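Inspection log for the structure reproduced underneath, given as structure tokens.
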Amino acid sequence: MLGNLTGIHLLVILGIVVLLFGATKLPALAKGLGQSLTIFRREVRDGDQHRPASDTAAPAPEAAPATPTE
């Protein structure tokens, strides 16, 4: 989908972003985005560690009923 973007397309997108947010706001915007991604990654990693083992393990096969042998 994004494989057709060339350098000119990216420059146009960057120009539009600068026009929308202003050159003085971009560093603060990038810093906030970076902090948000860091927090998100930390929460995802911590969430995986707190997951109970029973959720990730395959269910145990049921034992067959014992039949008396003579």
Side-chain angles (χ1 to χ4, degrees):
M1 181 177 154
L2 297 177
N4 296 335
L5 289 180
T6 62
I8 297 296
H9 293 110
L10 296 176
L11 285 175
V12 169
I13 292 171
L14 180 64
I16 292 171
V17 168
V18 169
L19 287 174
L20 287 175
F21 295 106
T24 58
K25 300 279 185 183
L26 286 180
L29 183 67
K31 181 179 179 182
L33 182 63
Q35 288 175 345
S36 298
L37 285 174
T38 302
I39 292 170
F40 177 75
R41 288 180 187 150
R42 188 181 326 131
E43 292 296 325
V44 168
R45 185 183 63 234
D46 291 345
D48 287 343
Q49 292 174 354
H50 295 302
R51 183 182 298 167
S54 63
D55 289 347
T56 58
E62 294 183 21
T67 56
T69 55
E70 294 181 43

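Every heavy atom of this structure was used, including side-chain atoms; hydrogens, water molecules and symmetry mates were not. If you're wondering where the values come from, they're calculated on a predicted model, not measured in any experiment.
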inquiry  = Could you check whether atom CD1 of Ile8 has more than 12 heavy atoms from other residues, nucleotides or ligands sitting under 6.0 Å from it?
reply    = no

key: Atom of Thr24, atom of Pro27 and distance for their closest heavy-atom approach   = O-CD, 3.6 Å

task = Answer yes if Leu19 and Val17 sit in the same cluster of Ile, Leu, Val, Met, Phe, Trp and Tyr residues linked by side chain heavy atoms under 4.5 Å apart, and no otherwise.
result = no

message = Nearest 0.5 angstrom please: Lys31 NZ to Leu33 CG, how far?
response = 13.0 Å

